[in-house]
Amino acid sequence: MKTTLKRWLTRHDAQYIALLAIVGCLLMAICSYTSPVFYFDYSPDNNAFFTVGKAMMHGIVPYKDIFEQKGPYVYWLHGLAYLVSHRSFVLIFGMEILVLVAAMTLTYYLARRLRLTELGSFVLSLVSPVLFLYHPYYDYGDTVEFFVIPLILSLIYLIVLIDQRGVVAVSPWWFAVQGGLVGIVFLSKYTLLGAWIAFYLVLGGALLINRQWTVLRRLVLASGAGFLVTTVPWLLYFLATKSLGAFINVYIVFNTHAYIASSVSAFSKLIQSAILLSQFYLGDVLFFVLGLVGTLVIIFTDDIFRTTFAKGLYLLVFVVSDLLAVYGYQTNTVYLYYQLAYFPFFVLPLIYFVGRVLKRLGLAAYDDPFIILTTMVLSAFLVLGVNDNVTDSRLFPNNSSVTERHTRKPQQPAQLVFGRLMRQKTPAHRAMTLLNYGSIDMGFYTSSGAVPTQYYFQNYNVPRSAAPEILTSQVRSIRHQKTEWVVLNTPKNRTVRNWHGNGTGKISGGDMNPGTAKLAKTLYRHYRLTAKHTQYFENNHVTYWLFQRK
């Protein structure tokens with residue numbers, strides 16, 4: 001084993017992966033808001049995950065004691081992040097680096113398996129982050145869709161393996177791993193399961209029709225074992241905490257009835273998904289070439305897949321995955337980061353096109369330091385061309401995401417300013433309590449270190465008519481002064497007393513809450529204004545307000 005490891009470390013593959021890790025660190029540092037290069041991770045979703053994960057580490061049970069609708073693996077990961085650093089996403093930053101490097105490495109090995117040279121495969125893997133970090137689909141980072149990219153790429157690799165070796169020769173460990181990934185994705189965000197649903201239905205159906213009972217049994221047993229390994233611990237957790245019913249009601253029922261934007265039939269929702277899919281691929285030349293043209297090319301030629309079965313399997317995995325990723329959403333209601341799940345399917349077309357270009361250029365088969373260095377620099381420029389998140393970082397002091405004040409004096413965003421105030425003004429002997437009123441988690445639980453004490457610790461992007469109990473509960477909390485601190489937001493130049501919301505009862509762009517005017521009298525009776533701060537967030541000038549109990 002030791003000899004094998006030493007031998008592998010001296011190979012080009014190990015050196016290439018080490019370089020990919022360096023590139024991954026540098027790119028994530030300037031693209032992900034979880035990076036220490038940024039002042040703060042402003043993403044409401046990421047902060048909500050962190051808040052629930054923190055609550056878990058304090059014995060609070062998701063779904064039962066605190067309301068949020070993602071899967072338990074998301075909260076567990078962010079709970080670990082809380083244990084590593086109570087008020088930052090440093091562990092998540094490390095995980096994002098691993099995810100990007102894993103995606104780049106899988107791209108490299110896919111290219112090698114598809115007969116590109118070592119150097120050509122490495123060049124391809126170096127430029128692949130342009131796809132995985134494409135803004136606005138990759139926005140703040142730390143989304144389930146981003147973490148799923150290498151998982152889908154591993155499934156694509158397995159399809160290529162089946163095409164080249166035949167399913168009989170594939171190790172059962174491959175199926176065990178995929179079964180485990182199904183469990184993880186199911187308990188993270190089940191709308192991303194489309195690729196695996198298609199894979200198992202088509203492959204299992206083919207084995208059944210061809211009466212390949214031995215292989216079918218191996219597929220079912222290995223995949224089932226992997227699935228049980230990643231799901232049974234959570235089943236035991238929910239049974240032990242008597243929260244299985246709450247998990248089903250929130251994660252399954254609420255997500256399918258209140259959170260999904262469309263109320264039409266299942267077939268009509270698929271049509272809506274198809275419309276969104278076609279608009280995506282027709283809306284950008286790169287997506288059109290890699291998504292539509294590229295997929296058709298690899299389906300109708302034998303350069304990537306040799307067998308008709310593998311072509312059909314890949315095509316169905318591609319289509320079903322993309323359709324289910326935005327299932328239930330309509331034009332102008334889908335969040336763009338959902339469509340990041342499409343991008344793993346750009347890799348095979350990219351390999352096909354780049355491979356043909358490299359053959360024409362006569363690129364060397366092995367190491368060429370000049371080409372490698374040039375490609376690394378080119379990769380960074382290309383990523384900056386499709387993702388300008390870095391302009392919100394510490395490299396650009398006092399940028400609009402930090403403050404609207406025109407001053408040369410160094411400023412910090414509202415989250416850090418308010419968090420520091422709450423820690424200073426809360427007596428050391430008393431646990432800090434906070435309510436994020438009317439909007440999705442704005443990051444103040446994270447920056448202050450407060451552990452949520454209210455079931456509805458934030459608002460959600462659903463119509464008030466679909467879940468009126470959320471804001472009703474929050475108003476009741478303020479009326480009875482259940483928390484020491486209350487934080488909320490309004491548009492710039494609006495006050496708490498005169499912001500009536502957007503009239504829909506639903507959170508609008510920029511995470512504005514649906515109105516504060518009706519609450520103002522009760523709020524000012526029981527709380528005093530402590531601080532306010534204006535900054536730019538998601539195309540809106542937002543004023544954050546911090547109140548302390550009288």
- For F146, all residues meeting ring-ring contact (aromatic ring centres under 6.0 Å, His included), sequence neighbours excluded: Y138
- Listed by chain and number, what are the salt bridge (charged side-chain N to carboxylate O under 4.0 Å, His left out) partners of K532, not counting sequence neighbours? none
- Query: With sequence neighbours excluded, what pairs up with K54 under the salt bridge (charged side-chain N to carboxylate O under 4.0 Å, His left out) test?
  - Reply: none
- Write out all pairs satisfying side-chain hydrogen bond (donor to acceptor under 3.5 Å, both in side chains) with one or both partners inside residues 152-165, taking only residues at least two apart or from two chains. R113-Y157, R113-Q164, S154-Q178, D163-T307
- Pairing residues for Q279 by the side chain to side chain contact (heavy atoms under 4.5 Å, CB included) criterion, not counting sequence neighbours: I275, L276, T331
- Look at atom CZ of R356 and say whether more than 12 heavy atoms of other residues, nucleotides or ligands are closer to it than 6.0 Å. no
- Task: Quick one: list whatever passes side chain to side chain contact (heavy atoms under 4.5 Å, CB included) with W234, sequence neighbours left out.
- Result: M56, P72, Y73, W76, L187, Y237, F238
Validation: residues 376-385 side-chain donor-acceptor distances under 3.5 Å, sequence neighbours left out:
{"from": "S379", "atom 1": "OG", "to": "L126", "atom 2": "O", "distance (Å)": "2.6"}

- Task: Please identify each residue that fulfils side chain to side chain donor-acceptor pair (under 3.5 Å) with T143, with sequence neighbours left out.
- Result: none
- Residue pairs passing the ring-ring contact (aromatic ring centres under 6.0 Å, His included) test with at least one member in residues 388-415, sequence neighbours excluded, are none
- Message: Holding to side chain to side chain contact (heavy atoms under 4.5 Å, CB included), I want the full list of residues that pass it with S128, two or more places apart in sequence or in another chain.
- Response: M104, T107, F132
Could you list the donor-acceptor pairs under 3.5 angstrom formed between side-chain atoms of residues 409-420 and any protein atom two or more places apart in sequence or on another chain?
{"from": "Q411", "atom 1": "OE1", "to": "R405", "atom 2": "NH1", "distance (Å)": "3.3"}
{"from": "Q411", "atom 1": "NE2", "to": "K409", "atom 2": "O", "distance (Å)": "3.2"}
{"from": "Q412", "atom 1": "OE1", "to": "R420", "atom 2": "NH1", "distance (Å)": "2.8"}
{"from": "Q412", "atom 1": "OE1", "to": "R420", "atom 2": "NH2", "distance (Å)": "3.3"}
{"from": "Q415", "atom 1": "OE1", "to": "Q535", "atom 2": "NE2", "distance (Å)": "3.3"}
{"from": "Q415", "atom 1": "NE2", "to": "M442", "atom 2": "O", "distance (Å)": "2.9"}

Donor-acceptor pairs under 3.5 angstrom involving side-chain atoms of residues 88-95: please list them, not counting sequence neighbours.
{"from": "S88", "atom 1": "OG", "to": "S85", "atom 2": "OG", "distance (Å)": "2.6"}

